[in-house]
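Both backbone and side-chain heavy atoms feed into the values below; hydrogens, waters and symmetry mates do not.
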Amino acid sequence: MRYFDKPNCVKISQINDKFHSLYPTEHRMPRVPCKNFKLLKELCEKEDVGSQVDVSEYLSFTTNCYLQTISCMESTIINVKVGKNISPLLYRAANKRLKIGDFCISRNASIGKISYVAEKVNAIVNGGISYFTFKEKYKFYIPAFFITNYGEDTLKCMTSGGGTQQNVKRNTLLNMKIPFPSATDSNTQEEIVEYVSKMVKSLIDKELLIKKKVEKINSIIERVMLENNCTNYYSYPNISEIKKFSKRLDTGLYGTKYKNVINQIVKYPGGYQYVRNLRYKWISGKTPNVFVENDKGKYWWIAVGDIAYGLKYKRMKRFNTAENVENNILIDGDILITRKGATVGKMNMYFNRMNISTFVNEDIKILRLEEDVIDKVFIGMFLNSYYGQTQLLNLASRGTKQGLTNDNILDVAFPLVDKEIKSEIFKEYYNESSIKKQGTLKFEEYDEKRNKELGIYQINMEIFRIEKKLDQIVRKIVNNEAIEIDYSLE
């Protein structure tokens, strides 16, 4: 749902108020029937804005000190490691450091985007981002309005379009209205605020859990390689190696990093294999000429931008199309890999947990293995690991834009690990939960028990369900509609 109205006509005085602009989006009006609200600045204990850091201060090597930019806000929790490396001296001299419990809100680029600082970080905030310490009572209530479209729509209505992009002023954000629910016959306002807060907290916990499970999978693969004395080794390239790679002279193929990874794999005691030695087929993606977004659409269509790093889907958008896409439909265990551009090698897997027919666009390669599901997941997780990504990114072509071919993916080598290790990895990525919300079981206990059982993929789907639930709750709060409290996540 969008939270603005488009007027049929505009008065001259309104045009003058908008700096004489005739740009249509300048005259959108926020749609907020709810009269019970507080300004954002009234709900904060602390608020500040980031400072612009000159690009000359960026470092090309890891320092464990970061400049937190909009790129760090890909999900609901901040990932500072995709920000810019800065000097520890610059970090220590700064007074605008992030701490656990802060929320960051973007005021330009992706307006209204919010992320939470869930872990200790050594990071300062870049310009164009505000960071907040909310009052404890509303700490996880306020973010619901930025996780949904309400924050973005409201801020855009309050902000001039500008030239190339909109930029929200600090005071504009602080004066944004945060609606509050009306009490109903069955629930007080405090109970509804608590309900929303628990849903947001659950979503953040699940985002953090996915991150930890991905790290655990990578550590399992790392442990296996190190425990089996797969030591680093480097030798200068010879003619036979160059011929093997179709006479390519890409430095990455003969560099220390790539050759050490290959050496570790080929010397694995249990043996190794190439992806091309498995039973496989390629499934093509498709972008229909005509398709319409619809909340209850028949298809989930996945684009490159819908896949996040860290084995996570960012969003689920449903569409309807009259075109025939049956030959492009994904099945359980398909491996999705982005094939070109800055995000080449980004990947995830697919399982039909939401009972929606799904296909992808042409910029995503779909590797379908005719193997047991545990083997499929192991290959997918290995491709996402340091060992898989090092091979993929060095095997990819190095033209104007880096790109992966089918042969590049098939040339990836992997170790033949024991079934117990594959099962351990499989459980971290794909695992169901039998825990259901019933009786007097408290939500926090119920959610914690489910999180202990669920795999990464199931947690991702549960995040989608929480986001949809939050969208419905916020819509009802804004429209003064009655809210039914339902803590179940199945």
**Q** Walk me through whether I78 and V121 qualify under side-chain contact (heavy atoms from CB on, under 4.5 Å).
**A** CA-CA 10 Å; I78 281 175; V121 293; 5.7 Å; no
**Q** For a 4.5 angstrom cut-off between non-hydrogen side-chain atoms, does M354 reach R465?
**A**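 Yes. Closest side-chain heavy atoms under 4.5 Å.
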**Q** Any heavy-atom pair between the side chains of T321 and V290 that's under 4.5 Å?
**A**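 Heavy-atom side-chain distance check fails, nothing below 4.5 Å.
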**Q** Whether the N348 and Y429 side chains hold a donor-acceptor pair (N or O, under 3.5 Å, no angle test) is what I'd like checked.
**A**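 On atom types as modelled, these side chains qualify, holding a pair under 3.5 Å.
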**Q** Under a plain distance cut-off of 3.5 Å, with no hydrogens placed, do Y280 and E371 share a side-chain donor-acceptor pair?
**A**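 The answer is no; no qualifying pair exists.
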**Q** Among all residues two or more places apart in sequence or in another chain, which pass the side chain to side chain donor-acceptor pair (under 3.5 Å) test with S71?
**A**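 With neighbours one apart ignored, the set is T69.
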**Q** Donor-acceptor check, side chain of Q273 to backbone of L416, threshold 3.5 angstrom: yes or no?
**A**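 The answer is no, because no donor-acceptor pair under 3.5 Å joins these two groups.
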**Q** Would you say NZ of K99 has more than 12 non-hydrogen atoms from neighbouring residues, nucleotides or ligands within 6.0 angstrom?
**A**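 Yes, NZ of K99 has more than 12 neighbouring heavy atoms, counting only those of other groups under 6.0 Å.
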**Q** Any carboxylate oxygen within less than 4.0 angstrom of a Lys/Arg side-chain nitrogen, looking at R276 and D411?
**A**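 Between D411 and R276 there is a salt bridge, with a charged N closer than 4.0 Å to a carboxylate O.
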**Q** In plain terms, say whether E215 and K211 are close enough for a salt bridge, that is, a side-chain N and a carboxylate O under 4.0 Å apart.
**A**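 Yes, E215 and K211 are salt-bridged.
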**Q** Within the structure provided, determine whether Y387 and E222 are in side-chain contact (heavy-atom separation under 4.5 Å).
**A**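 A side-chain contact under 4.5 Å exists here.
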**Q** Give me the atom names and distance for the closest heavy-atom approach of G297 to N320.
**A**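 Where G297 meets N320 most closely, the heavy atoms are CA-OD1, 3.4 Å.
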**Q** For the pair K257 and Y386, evaluate side-chain contact (heavy atoms from CB on, under 4.5 Å) and give the outcome as yes or no after the intermediate values.
**A** CA-CA 10 Å; K257 190 174 179 181; Y386 166 79; 3.5 Å; yes
**Q** Working to the nearest 0.5 Å, report the span between OG1 of T287 and CD of E323.
**A**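 With rounding to 0.5 Å, OG1 (T287) is 9.5 Å from CD (E323).
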**Q** The criterion is ring-ring contact (aromatic ring centres under 6.0 Å, His included); which residues satisfy it with F414, sequence neighbours excluded?
**A**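 By the ring-ring contact (aromatic ring centres under 6.0 Å, His included) rule, F414 matches no residue at all.
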**Q** For a quick test of reading the model, state the closest non-hydrogen atom pair linking V214 to G310 and the distance between them.
**A**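 Closest pair (atom of V214, atom of G310, distance): CG2-O, 3.4 Å.
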**Q** If we ignore hydrogens and angles and just use 3.5 Å, is the side chain of K449 paired with the main-chain N or O of I435 as donor and acceptor?
**A**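 Checked: no pair found.
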**Q** Do the side chain of K469 and the main chain of D486 share a donor and acceptor less than 3.5 angstrom apart?
**A**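 Side chain of K469 to backbone of D486: a pair is present.
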**Q** Taking ring-ring contact (aromatic ring centres under 6.0 Å, His included) as the cut-off, I'd like each qualifying pair that reaches into residues 326-351, sequence neighbours left out, listed once.
**A**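 As it turns out, the ring-ring contact (aromatic ring centres under 6.0 Å, His included) pairs with a partner in residues 326-351, which skip direct neighbours, are F351-Y430, F351-Y457.
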**Q** Please check: side-chain N/O of D418 versus main-chain N/O of E420, any donor-acceptor pairing under 3.5 Å?
**A**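 Pair absent, no side-chain N/O of D418 close to backbone of E420.
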**Q** Thinking salt bridges, do D205 and K201 make one under a 4.0 Å N-O criterion?
**A**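 Salt bridge flag = yes for K201 with D205.
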**Q** Using the ring-ring contact (aromatic ring centres under 6.0 Å, His included) criterion, which residues pair with F103? Sequence neighbours excluded.
**A**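 With neighbours one apart ignored, the set is Y116, F134.
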**Q** Test your reading of the model: is there a side-chain donor-acceptor pair from W301 to the backbone of E293, 3.5 Å cut-off?
**A**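 Side chain of W301 to backbone of E293: no pair is present.
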**Q** Please assess D375 against L369 for the test side-chain contact (heavy atoms from CB on, under 4.5 Å), listing each intermediate value before the final yes or no.
**A** CA-CA 9 Å; D375 294 322; L369 300 177; over 6 Å; no
**Q** Can you list everything that forms a side chain to side chain donor-acceptor pair (under 3.5 Å) with N460? Sequence neighbours excluded, please.
**A**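 So N460 forms no side chain to side chain donor-acceptor pair (under 3.5 Å) with any residue.
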**Q** With sequence neighbours excluded, tell me which residues meet ring-ring contact (aromatic ring centres under 6.0 Å, His included) with Y487.
**A**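 Result, ring-ring contact (aromatic ring centres under 6.0 Å, His included) vs Y487: Y195, F443.
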**Q** For K436 and S488, indicate whether the former's side chain and the latter's backbone hold a donor-acceptor pair under 3.5 Å.
**A**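 Between the backbone of S488 and the side chain of K436 there is no qualifying donor-acceptor contact (under 3.5 Å).
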**Q** Could you tell me which non-hydrogen atom of L454 sits nearest to which non-hydrogen atom of S433, and how far apart they are?
**A**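 Where L454 meets S433 most closely, the heavy atoms are CD2-CB, 3.5 Å.
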**Q** Which pair of heavy atoms, one from S434 and one from E453, lies closest together, and at what distance?
**A**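 Heavy atoms only, the tightest pair is N-OE1, 3.1 Å.
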**Q** Quick one: does R107's side chain get under 4.5 Å of V49's, heavy atoms only?
**A**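 Yes, close enough: below the 4.5 Å cut-off.
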**Q** For the side chain of Q458 and the backbone of N431, is there at least one donor-acceptor N/O pair under 3.5 Å apart?
**A**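 At least one qualifying donor-acceptor pair exists.
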**Q** Can you name the residues that form a side chain to side chain donor-acceptor pair (under 3.5 Å) with K468, not counting sequence neighbours?
**A**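 Listed in chain order: nothing, the list is empty.
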**Q** Suppose we screen for side chain to side chain donor-acceptor pair (under 3.5 Å). Which residues come up paired with Y446, at least two apart in sequence or across chains?
**A**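 Applying side chain to side chain donor-acceptor pair (under 3.5 Å) to Y446 gives E490.
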**Q** Can you find a heavy atom in the side chain of M381 that is under 4.5 Å from one in the side chain of E428?
**A**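 No. Closest side-chain heavy atoms not under 4.5 Å.
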**Q** Determine which pairs satisfy salt bridge (Lys or Arg N to Asp or Glu O under 4.0 Å) with at least one residue from residues 341-366, sequence neighbours left out, and list them in order.
**A**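 Residue pairs passing salt bridge (Lys or Arg N to Asp or Glu O under 4.0 Å), neighbours aside: R339-D363, K340-D363, R353-E432.
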**Q** Please check this pair: side chain of N324 against backbone of E326, looking for a donor-acceptor N/O pair closer than 3.5 Å.
**A**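 Checked: pair present.
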**Q** Quick check: do W282 and L367 have side-chain heavy atoms less than 4.5 Å from each other?
**A**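 A side-chain contact under 4.5 Å exists here.
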**Q** Does the plane of the ring in Y272 sit parallel, tilted or perpendicular to the ring in Y274? Use 30° and 60° as the thresholds.
**A**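 Ring orientation of Y272 relative to Y274: perpendicular.
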**Q** Testing the 3.5 Å rule here: is there a donor-acceptor pair between the side chains of T405 and N408?
**A**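 Judged by distance alone, the side chains do pair up.
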**Q** Report yes if some heavy atom in the side chain of Q391 is under 4.5 Å from a heavy atom in the side chain of I262; otherwise report no.
**A**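 Yes - at least one pair of side-chain heavy atoms lies under 4.5 Å apart.
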**Q** Please determine which of F359, Y313, F319 meets the ring-ring contact (aromatic ring centres under 6.0 Å, His included) test together with W300.
**A**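 Running ring-ring contact (aromatic ring centres under 6.0 Å, His included) over F359, Y313, F319 with W300 returns exactly one hit, Y313.
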**Q** Could you work out, with ring-ring contact (aromatic ring centres under 6.0 Å, His included) as the rule, every residue matching Y309, not counting sequence neighbours?
**A**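 ring-ring contact (aromatic ring centres under 6.0 Å, His included) check on Y309 returns nothing, list empty.
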**Q** Is the side chain of D447 donor-acceptor paired with the backbone N or O of E444 at a distance under 3.5 Å, no angle test?
**A**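 Side chain of D447 to backbone of E444: no pair is present.
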**Q** How long is the span from the CZ atom in F132 to the CD1 atom in I105, to the nearest 0.5 Å?
**A**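 So the CZ of F132 and the CD1 of I105 are separated by 4.5 Å.
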**Q** Output every pair passing salt bridge (Lys or Arg N to Asp or Glu O under 4.0 Å) with a member in residues 71-89, not counting sequence neighbours, ordered by first then second residue.
**A**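 Applying salt bridge (Lys or Arg N to Asp or Glu O under 4.0 Å) to every pair that reaches into residues 71-89, excluding sequence neighbours, yields E74-K314.
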**Q** So K312 and E207, do their side chains get closer than 4.5 Å, heavy atoms only?
**A**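 Yes; the side chains approach each other to less than 4.5 Å.
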**Q** OG1 of T148 to CG of D153: how many Å apart, nearest 0.5 Å?
**A**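 If we round to the nearest 0.5 Å, T148:OG1 and D153:CG are 8.5 Å apart.
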**Q** Shortest non-hydrogen contact from S423 to I374?
**A**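 Closest approach of S423 to I374: OG-CD1, 4.0 Å.
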**Q** Is there a donor-acceptor pair closer than 3.5 Å between any side-chain N or O of S202 and the backbone N or O of M199?
**A**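 No, S202 side chain to M199 backbone: no donor-acceptor pair under 3.5 Å.
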**Q** Assess whether atom NZ of K198 is packed by more than 12 heavy atoms of other residues, nucleotides or ligands within 6.0 Å.
**A**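 Enclosed.
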**Q** Locate the shortest heavy-atom distance separating I456 from L311; write the atom from each residue and the value.
**A**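 Closest approach of I456 to L311, heavy atoms only: CG2-O, 3.6 Å.
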**Q** Using the side-chain contact (heavy atoms from CB on, under 4.5 Å) rule, take V417 and E424 through it: C-alpha gap first, then chi angles, then the decisive distance, then the call.
**A** CA-CA 11 Å; V417 302; E424 188 180 359; over 6 Å; no
**Q** Donor-acceptor pairs are to be reported for all side-chain atoms of residues 327-337 against protein atoms at under 3.5 Å, with residues two or more places apart or in another chain.
**A**
residue	atom	partner	partner atom	Å
N328	ND2	S284	O	3.0
N328	ND2	S284	OG	3.4
D332	OD1	N352	N	2.8
D334	OD1	R368	NE	2.9
D334	OD2	I331	N	2.9
D334	OD2	R368	NE	3.4
D334	OD2	R368	NH2	2.9

